[in-house]
Amino acid sequence: MENSVLLKLVEELAQKLDGEFEASLGTPVLKIKGARTTEALQAARNFSGTPCEFLHDLTAVDYPDRNEIEVVYHLTSLRGPQMIRIKAVVDRNNPVIDTAVRIWPGADFMERECFDLMGVKFNGHPDLRRILLWDDFEGHPLRKDYVTPSVEERKRLRIMQPGE
Amino acid sequence: MPQFGSDIFLLIANWIRGLFGANTYAADVVMDIVKFIMIYVVLVLAVMVFVMLERKVCAWMQLRVGPNRLGPRGWGQIIGDMIKLMGKEDFRPDNVDKWPWALAPMFFLGITIMVFAVLPFGRGMVPVDLDLGIFYILAISALSVLPVVTAGWASNNKYSLLGGMRSVAQMISYEIPLVFSLLGVVMITQTFKTSAIVEAQQHVWFVLLQPIGFVVYVIAAMAEINRAPFDLIEAESEFGCGYFTEYSGLRFGLFYLAEYANLFLISAVAATVFLGGWQGPFLPGWLWFAIKVLFMVFLIMWFRWTFPRFRVDQLMHFGWKVLLPLSLANIVLTGVGIYVYQLIFPGIGG
Amino acid sequence: MLRTDEIQINIGPQHPSTHGVFRMLANLDGEVVTKVESKVGYLHRGMEKLAESRTYPQFIPYTDRLDYLAAIAANIGYVQTVEKLMGVEIPERAEYLRVIFFELQRIASHLIAAGTNSSDLGGMTPFLYAMADRERILDMFEMTIGGRLTVNLPRIGGIIEPPEEFWPALKKFVDDLPGMIDEFNGIITGNEIFQARTKGVGVLSKELAEGLSITGPVLRASGVKWDVRKNAPYGIYDRFDFEVPTGENGDCFDRFVVRLREMEESGKIIRQAMRDIPEGPTFAKVAKVVKPPVGEIFHRVEGVRGEIAYYVVSDGSTKPYRLRLRGGSFINIQMLHHVVPGWKFADLIAILASLDIVLPECDR
């Protein structure tokens, strides 16, 4: 089965990069330190036999109790059904990770979105700005400790203040 | 054979002249005023019909019903639209160049109305039968690029400016094939006089003698008045509304009126030059003229609702590389044809 | 030589051909676009944040509001994700019904895509034709569940059984479909002006398309034979026999034609599904309170505008810990920055039209 080949490749990669390996519902998951992301992505891209060369999705999950943010890469291929998930763990207080734009130009918008909503900074991104929210928005709403403004507060914001 | 009804307007005109007796000078002045009013009334009525026709034709082609509420089968809609347009606030955006901005729609309509002076609406019904009729039509209608670019420039809006700039390129390029396409007919008739051209088509319409000229004329004229598929100047999917983006209310109404007046104009010229003008059996001449104009209007609407729009460079290529050589070839062909005809029938026509 | 300045022109968020509140800043040198910057986010509603405070079934109606032209695609993608996470097997009949509705939705959406593509190029009439044909699909949705645009059709564990009169209507529609596509080919695909406007315009190379993570018809038009339904089947798509249409040049014309041909293939799938559909229940037994086990799942379906993928992290409660939506539009938009510079302003509109984006899906 292709999948077992892939599982083995990912397991080897996990050992090489001091990462953790698991299989979640059949999908190989590689959990690594944020600093080794580029290596892991490059390696996954060049897996012999089952390359995962297509960046399908890039997102982040916030874990305040562990004080971590996981940047999650889903790599698939346009040549077969293989798929792997790479989780890069970064510090929640200072989430910095290397950009993937140099590998996939398509990571541009996904990283900007991740920065916008989760506050992860991507080193080397050519144009890291907010994309979905407006430029002077405060906070990163997808973080678990983000407090949504109350209805009264939002009502107050909607009314244009004198001089605005 | 005198046709019933064909002389109604002439009788009225003679009656008015008769009121002044021997004072021909006063009669001429009064007649000129009457003619001007008549042109205006005919124009506005025709535009009302065309606007409604456009909506009905477009609805018919798009499997829709179209306006059907106000008046019989929705034909009252146009009155409602006019009242709405006139009732709008006269809104002038800040920072427009005030006078050019305000004058552009008036000039646009004014120029169009001027051309109607030489159109033969029926036998003996040419408001001003100039010897240089065709020449006059081309000269005046070439002016209409000016108000368009003025409106685009004065609006102080990038969309309008781009629309206006496109209009200069487009209208000037298509002016040339337009002129050349009419030249073939002028070569055959050896006159610029519109009434004489119609008279010359008593036996055969020039669309049969000049098929290439007719096709080139229709295409170039559609580009000249910015009808789809040559409506790059408005190009609503690109520029919003092109040069009249900043106009609303009655000023927009004037542009709208002028646009349909232009449609009337090119259809009328086509009817006059290629389709035999008022010539036709049984029916009065002015009715024949109206039928031919309506046919041309329908044809042009049909094109509009069928074709997508050209791109600006493709439009230029088409104008300079296809239409212009074609119209030049037509002139050469016509010249050869006339020469051969004169060899076979010496002394006839010429 | 005459020195000229570039002008910066703002297209959108209110503009007839940006298909919603999409905004572009284009630098124009005369008619030529030198740079384009896309601004999204005018329709951002924080779907991913909303999901964290809704239970799993409560979030199904929200997925309707992602892509208003293909609500069922997002619906089915979501419920399949949750079912996969919970390990629920749904009945055969429900699987077939899902395929039928998914493909109907694909046809409806591609009809709009083809129609708006031609109306953006100035030909209004084909758009109305497309609308009239799509109306029949919406009528079928209406007779099934009452909704037309935001249908909210599938549930976790199954799908609603359509009424009796649905089947004759479906059969008639599928029989008429080739005729509709022929009519479309006649009025717009074969048109000289349309071909002049789209052939060779906005070429997206295969390599760039892969690098930009582009999916869906846009990817296939660039010559990549990739369709999740075929290459990594989900549901029961491995039982159907259909082609994956691809383009050769990756230009606007190919993107248009690929969509038309996909409609034909969808018609083929529906016909096979109608032939094979078994009798039986359409709902599996699912607990009243949906409570997936701890874990995470990434599930993708071949949506209409690209692959729709959901990444759900469950902490064992009734609400998702994190729900990530990946839609085709958001990522496909990036193509504009790479492809548009150098083309004319009118081509920018043509390229955007051929991209067929839907902004609610893009902004989420």
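A, B, ... follow the sequence lines: proteins, then strands. Residue 1 opens every chain. What you see below is based on every heavy atom in this structure, not just the backbone, and it leaves out hydrogens, waters and symmetry mates.
Only the side chain of C/I331 comes within less than 4.5 Å of a heavy atom in chain A; its backbone stays farther off. For C/V40, the parts sitting under 4.5 Å from any heavy atom of chain A are the backbone and the side chain alike. Within the 4.5 angstrom heavy-atom criterion, only side-chain atoms of C/E37, from C-beta onward, approach chain A. Interface residue C/F330: backbone and side-chain heavy atoms are both found under 4.5 Å from chain A. Neither the backbone nor the side chain of C/L43 comes within less than 4.5 Å of any heavy atom in chain A. Contacts between C/N231 and chain A at a heavy-atom distance below 4.5 Å involve the backbone alone (N, CA, C, O). For chain C, no part of A/R112 is nearby; none of its heavy atoms comes within less than 4.5 Å.
We find the OH-NE2 distance between C/Y311 and C/H299 to be 15.5 Å, quoted to the nearest 0.5 Å. Between the OG atom in C/S314 and the CZ atom in C/R322 there is a gap of 14.0 Å [rounded to 0.5 Å].
With respect to C/E262 and C/R259, no salt bridge is recorded, no charged nitrogen being found less than 4.0 Å from a carboxylate O. The residues C/R305 and C/E361 are annotated as not salt-bridged, no charged nitrogen and carboxylate oxygen being separated by less than 4.0 angstrom. Salt-bridge annotation for A/K121 and A/E111: absent, with no side-chain N of the basic residue lying under 4.0 Å from a carboxylate O of the acidic one.
Proximity to chain C among residues 53-62 of chain A is limited to A/F54, A/L55, A/H56, A/D57, A/L58, A/T59, A/A60, A/V61, A/D62, judged by heavy-atom separations below 4.5 angstrom.
No more than 12 heavy atoms of other residues, nucleotides or ligands sit less than 6.0 Å from atom CD of C/E89.
With a 6.0 Å cutoff to the six-membered ring centre and a 45° limit on the axis angle, C/K230 counts as a cation-pi contact of C/F242.
Contact count against chain A (heavy-atom pairs under 4.5 Å) is highest for C/Q334 among C/K49, C/Q334, C/H44. Note on C/G46, C/S213, C/A232, C/P233: by heavy-atom pairs under 4.5 Å with chain A, the leading option is C/S213. Chain A forms more heavy-atom pairs under 4.5 Å with one residue of C/R364, C/H338, C/K225, C/M335 than with any other, namely C/R364.
Side-chain contact annotation: C/N75 with C/T63, donor-acceptor N/O pair under 3.5 Å present.
Using bins of under 30°, 30° to 60° and over 60° for the plane-to-plane angle, the ring pair C/F102/C/Y234 lands in the tilted bin.
The distance between the ring centers of C/Y321 and A/Y63 falls below 6.0 angstrom.
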Acceptor/donor pairs from residues 67-75 of chain A side chains to any protein atom, 3.5 angstrom cut, sequence neighbours excluded:
| from | atom 1 | to | atom 2 | distance (Å) |
| --- | --- | --- | --- | --- |
| A/E68 | OE1 | A/R66 | NH1 | 3.1 |
| A/E70 | OE2 | A/K31 | NZ | 3.4 |
| A/H74 | NE2 | A/R85 | NE | 2.9 |

